[in-house]
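It should be emphasised that the depicted structure is a prediction, and the values quoted were computed from it without experimental measurement. Each chain gets a letter, A, B and so on, in the order its sequence line appears, and its residues count up from 1.
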There are 2 protein chains.
Amino acid sequence: MNAPVSTPTSAPALTKNQSLVFDVLDRSDAPMSAYTILDRLRDHGFRAPLQVYRALDKLLEFGMVHRLESLNAFVACAHPESECCGKGHGHGHGTVAFAICESCGHVSEFHDHEVDHRLGAWAKAKNFKPAKTTIEIRGLCGACAA
Amino acid sequence: MNAPVSTPTSAPALTKNQSLVFDVLDRSDAPMSAYTILDRLRDHGFRAPLQVYRALDKLLEFGMVHRLESLNAFVACAHPESECCGKGHGHGHGTVAFAICESCGHVSEFHDHEVDHRLGAWAKAKNFKPAKTTIEIRGLCGACAA
DNA sequence: TGACACACGTTATAGCATAACGCAATTGAT
DNA sequence: ATCAATTGCGTTATGCTATAACGTGTGTCA
């Protein structure tokens with residue numbers, strides 16, 4: 001009784017644990033660490049970090065969640081669904097950049113073709129084969145800087 | 001007997017611990033974790049992580065070392081000394097990007113004005129005040145991809 | 001000479017992530 | 001139908017990364 005349950009919507013069907021983890025992230029205004037997610041889900045039967053990490057691995061694979069490397073934390077993908085650069089299943093995109101407010105914790109996700117292109121050009125020139133690109137800007141958001 | 005010792009060269013004078021940590025990093029072909037650095041320096045009297053982290057904090061502040069967020073590891077700055085975008089003391093620069101080979105561990109450090117500019121433009125438009133920007137490309141270097 | 005800043009050393013603890021085991025359920029080929 | 005392969009799950013234990021909190025020594029400078 002552990003298999004994914006298909007849903008009326010798009011995207012890959014999520015298992016129960018995956019849904020729980022995604023929902024927690026999706027409802028959060030700020031990035032969450034795996035252990036914070038774990039604590040939020042104790043009431044739903046979560047007891048060990050691996051339950052969270054395994055769900056996160058899948059959600060990352062599906063592109064539904066991003067990992068913020070500079071925070072060791074995770075956010076739900078903020079893409080307005082079926083954006084540009086799609087790979088077909090509604091959650092694909094090129095490299096995404098994040099602006100992280102160090103005061104309020106809010107994260108803005110955005111994409112810039114030109115940045116992508118410049119980094120791609122560098123890679124091509126150096127014969128480097130990119131697998132995953134991380135772009136994170138930490139600072140103060142408009143509201144907090146004021 | 002703990003104060004920085006001035007050297008014949010440029011830049012801020014380093015303390016003994018800072019020099020030791022920097023030398024280890026500078027001699028390494030690949031990024032090193034704080035704990036790996038610690039192990040390398042046991043023979044020089046290092047016994048606790050804090051000794052490493054404190055030295056790293058200063059070296060980061062001086063711009064002589066970079067932290068790779070996606071690796072939780074550190075590298076000596078590869079800038080050919082007194083590069084562009086200098087802030088005056090020979091180790092200043094704009095945002096730097098890293099290409100990290102997941103096979104051999106080699107890290108290439110580079111800078112792209114246009115990328116800087118695009119990210120800066122986004123920030124300006126959103127009224128976001130950047131403090132620190134991280135750009136890391138993980139993949140395979142030319143040698144390993146072949 | 002006394003307040004201050006800073007580097008240092010030590011112990012303890014917090015926070016993030018995975019290894020290794022075994023069980024249960026689904027899939028799909030035979 | 002059945003067996004092998006795959007995938008998800010739960011648990012325990014462990015490892016790696018980072019910092020808190022304490023106290024010491026030293027150099028600076030009013």
- Considering all heavy atoms, the nearest A:H111-A:T95 contact: ND1-O, 2.8 Å

- A:T36: partners by side chain to side chain donor-acceptor pair (under 3.5 Å), with sequence neighbours left out: A:S33

- Task: Could you work out which one of C:dG9, C:dT18, D:dT17 sits closest to the side chain of A:Y53?
- Result: C:dT18

- Task: Measure the distance from CG on A:L56 to P on C:dA17 and round it to the nearest whole Å.
- Result: 9 Å

- Taking only residues two or more places apart in sequence, or in another chain, which ones meet A:E114 in a salt bridge (charged side-chain N to carboxylate O under 4.0 Å, His left out)? none

- Only counting residues at least two apart or in another chain, list the ones meeting side chain to side chain donor-acceptor pair (under 3.5 Å) with B:E136. B:S70

- Task: Assign each of A:G45 and A:K58 to its nearest nucleotide of DNA chain D by heavy atoms, then name whichever residue's nucleotide is nearer the 5' end.
- Result: A:K58

- With sequence neighbours excluded, give me every salt bridge (charged side-chain N to carboxylate O under 4.0 Å, His left out) pair touching residues 119-133 of chain A. A:E69-A:K132

- Would you say C:dA7 has OP1 or OP2 under 4.0 Å from some side-chain N or O of B:K16? no

- Query: In terms of side-chain heavy atoms of B:A48, which of C:dG9, C:dT11, C:dC8 is nearest?
  - Reply: C:dT11

- Task: Output the residues of residues 22-43 of chain A in contact with DNA chain D, where contact means a heavy atom of the residue under 4.0 Å from an atom of the strand; sort by number or write none.
- Result: none

Listing time: all N or O pairs from protein to nucleotides 19-21 of chain C that are below 3.5 Å?
none

- Qualifying residues under side chain to side chain donor-acceptor pair (under 3.5 Å), relative to B:N17, sequence neighbours excluded: none

- Query: Nearest to the side chain of B:Q51, which nucleotide is it out of C:dA17, C:dG9, C:dT10?
  - Reply: C:dG9

- Listed by chain and number, what are the ring-ring contact (aromatic ring centres under 6.0 Å, His included) partners of A:Y53, not counting sequence neighbours? none

- Would you mind telling me which residue lines up with the more 5' stretch of DNA chain C, B:P49 or B:N17, judged by nearest nucleotide? B:N17

- Message: Below the 4.0 Å mark, does D:dC16 have OP1 or OP2 next to a side-chain nitrogen or oxygen of B:N72?
- Response: no

- Item | Given D:dT11, D:dA18, D:dC9, the nucleotide with the shortest approach to the side chain of A:T15 | D:dC9

- Round to a whole Å and report the spacing from CZ of A:R47 to C1' of D:dT12. 13 Å

- Note on the structure: Shortest non-hydrogen pair, B:F22 vs B:M64, comes out as CE1-O, 3.4 Å

- Item | Under the side chain to side chain donor-acceptor pair (under 3.5 Å) test, residues paired with B:D39 that sit two or more places apart | B:R42

